[in-house]
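This report concerns only the one structure given below.
Chain letters run A, B, ... following the sequence lines, proteins first, then strands; residues in each count from 1. Since the structure is predicted, the reported quantities are computational estimates derived from the model, not experimental observations.
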Amino acid sequence: MAEDEAMARPGPLLPKQGRQDRTLGLVIAVLCCLACLSAMAALAADRAASTWVSALGASATVQVRPKGDQTPSEAADKAAEALAGVKGVSEARALDRQAAEKLLEPWFGAGGVPDDFPLPRLVTVDLDPKTPPTAAALTQALAQAGLDATLDDHGRWMADVRRAGGMARAIAVGAVALFGLAAAAVIVFATRATLEARRDVVEVLHITGAEDAFLSSLIQRRFARVAAEAGAVGAGAAALLAAAYKLSSGADGFAPVLPLSWIDLLVVLAAPVLAALIAAIAVQRTAMSILRREAQS
Amino acid sequence: MAGHGSDFVAGGPPESGPVVALQGVGMRYGRAPEVLRDIDLTLSQGSFHFLTGASGAGKSSLLKLLYLAHEPSRGLVRLFGRDVSTLSRKETPAVRRRIGVVFQEYRLLSHLTVFDNAALPLRVAGRTFDGYRQDVKELLEWVGLGKKLSAMPATLSGGEQQRLAVARAVVGRPDLLLVDEPTGNVDHEMGRRILRLLTELNRMGATVLVATHDMPLVGETTFPALTLKGGKLSAAPSLAGARVPA
């Protein structure tokens, strides 16, 4: 019976190193989890930036100053009327004094604006997102109406949001790359340790005619499997954390800072494959380098 | 052994020239003085030689040169007609597969079963498990380990380990068999059995070089003995070698 077992399938040529493999797997799982969270954060940051840019681009604000005998309300109404006639403007609304005071509440407090305080009057302009007018067209319409007004097309804010979004994306992508590098470094270390610890086995295999590539492939298969399994565990943990974040971020599932989508969770599927790939490449390069160096020494 | 027919991977076609040819070879470890000096040795195909000498005379070192575990400090080493100094890193494994080695300390892989240890050269050579399974089983039965296929080396007696080491060395049908102190750890009777095994392999065509300091064992055969003393071969080697009398 025991003899049948021996002939059922060959044993692993490299001895199992359960403790080392478990430790390596734990480290890779943690790195994969962090990399997946970073990748999802990058996607969410990208979505947040796009949403904000799109919202800012869909409106403009005009500050109107009355001229001569004009009251602020008259000037604002006139500006709204002039802007409503510009092609690409969906709606132009003059904000009344109460609305203007509400905007100042953070600084003056509720009802804190004195009655005689000369409040600038604002006109909000909703733009057709498909064919928005240019800032020049809006400014020209205001000038033609003889108004003293200043247009804010939110361009500065959009540039800031785009820059911040791009920075958040770059940081997240950089983090993913660093986690990948850290995983590779850990695997390089484990490969060196394996070759060092099993020098006796490697030597016997060499003398029996094993090629460097054969020996390298033994370690490569083993660590690629460890990395793939650990990658799956790390990815699963990241998916659970992301799902918990999404479910806890509001009834509509929308978090204003990082608007994660369910589809973003699919990014974790790449983790086991990438982890195995990084492990395979790291082992192959390290093992071949060590074996060649030993042969020359 | 009859089952180990002509389908073994290792073992190329026999050359007409000598299997081993050493000319003016020296060898040293690191910067230490040479342990082998001015070695001239030729082993023709199918020969059987003993390599004798006191402990530390350089027997194991000479074998290391021959199984390509160490480079000579000078001189020419030719194996199967090929100057080994011209072998590339990629070519070396193919030459090593034509050489079977029985180490003095066996060097069995402790994490593998008897079966897997014996099959090692065939796995390394790329043979499929189904392709070598029966061959290895028959070989292990032939060396008396047929009932211990699943045993681990640590559970074997010294003699059994010795026979397993021999099985591993010959399973690939090597053209050159190098054996280091085959009787060093076994009793006289086991030593004789191992010698019979080696002579049988020689009869099947392998060139055999046995390093030993067991002179009584050498005296029981008619094979020529080369003697290493102070790093030098002090007896002229036989060019033709000797075959086991039928």
Side-chain angles (χ1 to χ4, degrees), chain A residues 1-22 190 193-223 225-226 284-297, chain B residues 9-10 30 64 67-69 71 88-101 103 105-126 128-130 132-134 136-137 140-141 145-152 165 168-169 171-172 174 178:
Chain A
M1 188 66 175
E3 278 61 41
D4 290 343
E5 281 173 23
M7 294 182 64
R9 64 189 172 88
L13 286 181
L14 281 180
K16 288 180 182 171
Q17 291 177 284
R19 188 174 296 174
Q20 183 195 316
D21 288 359
R22 277 195 296 278
T194 298
L195 283 173
E196 185 60 37
R198 305 319 313 209
R199 189 181 287 271
D200 55 336
V201 176
V202 169
E203 203 172 319
V204 169
L205 288 171
H206 258 150
I207 289 169
T208 50
E211 295 169 358
D212 291 343
F214 176 85
L215 288 165
S216 168
S217 72
L218 293 177
I219 310 172
Q220 201 173 27
R221 275 198 297 271
R222 176 157 137 200
F223 285 165
R225 193 176 60 245
V226 169
Q284 202 264 346
R285 295 181 71 92
T286 309
M288 291 299 279
S289 160
I290 292 172
L291 293 170
R292 278 199 202 102
R293 205 165 49 239
E294 284 185 351
Q296 287 163 1
S297 63
Chain B
V9 171
K64 276 185 186 174
Y67 60 75
L68 306 178
E71 290 179 3
S88 70
R89 184 79 180 150
K90 283 194 171 181
E91 290 172 317
T92 303
V95 175
R96 280 178 170 151
R97 284 176 204 163
R98 299 181 65 179
I99 304 169
V101 185
F103 300 99
E105 67 282 19
Y106 315 139
R107 298 180 75 167
L108 302 170
L109 300 189
S110 59
H111 65 286
L112 293 181
T113 62
V114 165
F115 180 87
D116 282 338
N117 262 289
L120 195 62
L122 303 181
R123 283 178 76 175
V124 163
T128 64
F129 184 62
D130 286 338
Y132 66 69
R133 181 162 48 184
Q134 199 56 33
V136 173
K137 184 171 183 277
L140 287 170
E141 283 168 355
L145 293 171
K147 301 286 183 193
K148 299 205 169 187
L149 302 183
S150 292
M152 303 309 281
R168 183 181 67 186
V171 71
L178 305 172

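- Legend: residues meeting ring pair (Phe, Tyr, Trp, His ring centres under 6.0 Å) with F214(A), ordered by chain and number and at least two apart, are absent.
- In this structure the side chain of R89(B) reaches within 4.5 angstrom of the side chain of L291(A), judged on heavy atoms.
- Within the 4.5 angstrom heavy-atom criterion, only side-chain atoms of L120(B), from C-beta onward, approach chain A.
- A distance of 10.0 Å separates OG1 of T208(A) from CG of L122(B), quoted to the nearest 0.5 Å.
- If you measure heavy-atom distances from R168(B) to chain A, the contacts under 4.5 Å come from the side chain alone.
- When each of V204(A), V201(A), I207(A) is scored by its heavy-atom pairs under 4.5 Å with chain B, the top score falls to I207(A).
- Distance NZ/K90(B) to CG/D212(A): 9.5 Å, rounded to 0.5 Å.
- The candidate with the highest count of non-hydrogen atom pairs below 4.5 Å against chain B, out of G209(A), A210(A), A213(A), is G209(A).
- Interface residue L14(A): only backbone heavy atoms are found under 4.5 Å from chain B.
- By the salt bridge (Lys or Arg N to Asp or Glu O under 4.0 Å) test, R199(A) pairs with E196(A), E294(A), sequence neighbours left out.
- Counting all heavy atoms, side chain and backbone alike, H206(A) lies closest to R96(B) at O-CD, 3.1 Å.
- We find the CD-CZ distance between E211(A) and R97(B) to be 5.0 Å, quoted to the nearest 0.5 Å.
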